[in-house]
Structure formats: structure tokens, C-alpha cells
There are 2 protein chains.
Amino acid sequence: MSKKAVVKEKTVKTLETLFQEMKKNHLRMTGPRKMIIEALFENHGPFTAEEIHKKFIRSSCDLATIYRCLVSLEQAGLVRKCEFGDGFARYELANNDQSHHHHHLICTECKKVEIVEECEIESHIDRFAKKRGFTSVSHMLEFFGICPDCQAA
Amino acid sequence: MSKKAVVKEKTVKTLETLFQEMKKNHLRMTGPRKMIIEALFENHGPFTAEEIHKKFIRSSCDLATIYRCLVSLEQAGLVRKCEFGDGFARYELANNDQSHHHHHLICTECKKVEIVEECEIESHIDRFAKKRGFTSVSHMLEFFGICPDCQAA
DNA sequence: TAGCTAAATGCGAATGATTTGTATTAGCTG
DNA sequence: CAGCTAATACAAATCATTCGCATTTAGCTA
């Protein structure tokens, strides 16, 4: 009972922290934005804009608004965009501290996403997927950054 | 001189091998397909369909044909599709043997792609990018496979 | 080598996720 | 509470990619 209370308290605090971060970034606290943050806070995604729109937004809200909210929330660092190469951008809460770094394990058939917390040797990386009973396992590893030429320009 | 000849001979052989693989997969040897294979063989990509169309295809050829060729070449295992999450699919020659496994290092500004041959500990993985003078380094690591539920179905 | 047939292409239109223009609405600051 | 803007709704545009269909052609066969 006390354990549950602690968990709940921690949960509420973290959601408030997210809202404070919104204010810190000069983002107005609008209905759609709050609903998006709450949805991503309470459900582990990542989710496409359309999934967020259909599953989590109760009061009517335009899909274009969802897209614009996600852009501003991403720019503010509250939300992270994930690209799995299937034509849909997905979004999840961005946990800024490195302790929450994680990868994804996506079923190529049903598109289900599992969180992968482990982080070990790259050459053995597929075993995380196989350990979970996945077959036809492969992984995508791509680097991003600003190249020396562009830094100079 | 003899060195150069050897290199050239090897080059020709490998390109011929690719053409043989096309035939083995019951793909007709059409102009667009040959040009795409040659382009990817002579230039290290990966390239978008539009880049291939504009840069490498001399004789007139419809962009839709490029897309269709890339699909059939991918199905035949000759070409690999890469997704960097910027809204463009890119293609490169698929080297089936594991010895040619590599990753990519993409400049987020000019979209230049560098090949990353190293394959070490995941937690130190960003150092490959930093070692090349890139800043704002991040990486994308996603897993793909068929989940137990879908295997059963 | 001519002819056959399915596969491949060209061209135009469609698709679908995402973006954008613009008038209207509604946070926030004083 | 007024006023200034940012944010929203709605509709239309964008843009990579796909598709339909008529025409062409690669590769096989006689």
C-alpha cells in the first residue's frame, strides 16, 4: 500500500516536471499538448502521430495540430522522434538522462515495439532479439552528426 | 601496370558476377537495371532513387522504372535498402558475405554518407563518429525480426 | 532469324504521411 | 480584464513512392 503510494507520487511528480519543462521552453500549456504528454507518459510507445490522435486524444483535435505539437515538443526536447524505416515517424518521451537510454525491438510483421534496455557488445547485439524469441533478426545502426565541412561552413 | 590490370580484372569479374546473379534470379537484363547495378558498383552510396536517376542514368528512363527496378533488385538480394529517417529510402549494393558488414555515418546537414567499417562495443559506438571530426553525434540502433506471436500465427 | 509471350517500361494519375496557409481562438503577461 | 501572439481548425498543398494500363522488349523457341 505504502509502496503503491510512493510509486503514484513519483509518477505525478514526473508528469509535473514535464509540464514545467514545457513552460521553461516557452510553450503554452494547451489542451492538445497536455494530452500528448500525458499519453506518452502513461503509455510506452513510441507511437505515430495518427496513433496518438486516434487512441489518446479524447476531445476533438485536428491531426495537423498533433503534428505541430510533436514538432514543438521535440524542439523543446520533451519528445523524441524515432524512425524505423517503415514510412511512419514515431514519438516517445525523451528522457534526457543517459540512464534511460534504450533501443527498440520492432516486429516487422505486426509492428509491435519492445523496449531493449541492454546495451552490450555490438557484434553480439542480435542476441537480445533472439533471446526474446524473435526470428529473422537484423538490426539497423546509423550514425548522425555534423561533419567537419559543415562545421567550418 | 600489372597491378592496375589485376584491379581492373577483378572489377570486371565482380560486375559480371552481379549480372550473373540477376540472371540466376530470373531478372531480365534491361538497360535501366544494368545502369543501376553499374552505378552502385562504381560509386559508393547509398543513393536515393532520385539521385540514381539524375546522376547515373544517361539514356532517358522514367523515375517510376528506377523505383520498380530497385524493388526487384532488392527482392533478388542484389541491392539493400537503407533508411536514415529523413524521408528518403537509399540503396546500395548488397554484399552478401558478412565480411562486408558496415554501418553509415550521415551528416545531418549535407546528408553526406561515410562508410563505418568498425564494429565494436555499443557503449563506445559514438567514438567512431567523433574520431572523424563529427559533432552533435548520435546514433540510431533499431532491431527487426519476427516476434513469437507472429511466428505462431 | 522471325515470332511469341510474359516481363518491363513509360506515362500519367493516385496514394498517403506530413506540411503549410490563413482566419479564428485562446494562453499568458501586465 | 485587455491585448498581444502563439496555437488551433480546416482545407489545400507537398512530395516520395506506388499503381494502372497501354506499349515495348528480353529471352526463348521453331
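Side chains are part of it too, since the values below use all heavy atoms of this structure and drop only hydrogens, waters and symmetry mates. Convention: sequence-line order gives letters A, B, ...; per-chain numbering from 1. These figures come from a predicted structure and were not determined experimentally.
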Next on the checklist: Quick one: does any side-chain atom of B:Asp62 pair with a main-chain N or O of B:Ala64 as donor and acceptor, under 3.5 Å?
Outcome noted: yes
Checklist entry - What does nucleotides 22-30 of chain C look like as a protein-contact string, B for base, S for sugar-phosphate only, - for none, at under 4.0 angstrom between heavy atoms? => result -----BS--
Next on the checklist: Base, sugar-phosphate or nothing for A:Ala89? Non-hydrogen atoms, less than 4.0 Å.
Outcome noted: sugar-phosphate
Checklist outcome for this item: Between NZ of B:Lys34 and P of C:dT9 the distance, given in whole Å, is 12 Å
Checklist entry - Counting only non-hydrogen atoms, which of residues 48-57 of chain B are less than 4.0 Å from DNA chain C? => result none
Item to check | Interatomic distance where CG belongs to A:Leu70 and P belongs to C:dA17 [whole Å] | outcome: 15 Å
Checklist entry - To the nearest 0.5 Å, how far apart are CG in A:Leu73 and CD in A:Gln75? => result 9.5 Å
Next on the checklist: What verdict does the salt bridge (charged side-chain N to carboxylate O under 4.0 Å, His left out) test give for B:Glu38 and B:Lys34, after you've listed the backbone C-alpha separation in whole Å, the side-chain angles of each residue and the deciding distance to 0.1 Å?
Outcome noted: CA-CA 6 Å; B:Glu38 283 169 8; B:Lys34 278 193 281 190; over 6 Å; no
Item to check | pair A:Arg90-A:Phe47: side-chain heavy atoms closer than 4.5 Å | outcome: no
Checklist entry - Do the non-hydrogen side-chain atoms of A:Lys23 and A:Met29 ever get within less than 4.5 Å of each other? => result yes
Checklist entry - Does some side-chain heavy atom of B:Val79 sit less than 4.5 Å from a side-chain heavy atom of B:Leu40? => result yes
Item to check | For atom CG of A:Leu63 and atom C1' of C:dT20, their distance in whole Å | outcome: 14 Å
Next on the checklist: Return the CZ to CG distance between B:Arg68 and B:Leu63, rounded to the nearest 0.5 Å.
Outcome noted: 10.5 Å
Checklist entry - Same cluster or not: are B:Met35 and B:Tyr67 linked, directly or through other Ile, Leu, Val, Met, Phe, Trp or Tyr residues, by side-chain heavy atoms under 4.5 angstrom apart? => result yes
Checklist entry - At under 4.0 Å between heavy atoms, what does B:Ser72 touch on the DNA or RNA strands: base, sugar-phosphate, or nothing? => result nothing
Checklist entry - Roughly, in whole Å, what's the span from CD1 in B:Ile66 to C1' in C:dG10? => result 12 Å
Item to check | From CA spacing to verdict: side-chain contact (heavy atoms from CB on, under 4.5 Å), B:Phe19, B:Glu21 | outcome: CA-CA 5 Å; B:Phe19 289 153; B:Glu21 279 183 49; over 6 Å; no
Item to check | Start and end of chain A contact along DNA chain D [non-hydrogen atoms, under 4.0 Å] | outcome: D:dT5 to D:dA11
Item to check | Atom pair CD1 (A:Ile36) and CD1 (A:Ile52), whose distance is rounded to the nearest 0.5 Å | outcome: 6.0 Å
Item to check | Nucleotide C:dA8, atom P - distance to CD1 of B:Ile36 in whole Å | outcome: 13 Å
Next on the checklist: Quick one, A:His53 with A:Glu51, criterion side-chain contact (heavy atoms from CB on, under 4.5 Å). Give me CA distance, side-chain angles, the key distance, then yes/no.
Outcome noted: CA-CA 5 Å; A:His53 186 233; A:Glu51 284 171 340; over 6 Å; no
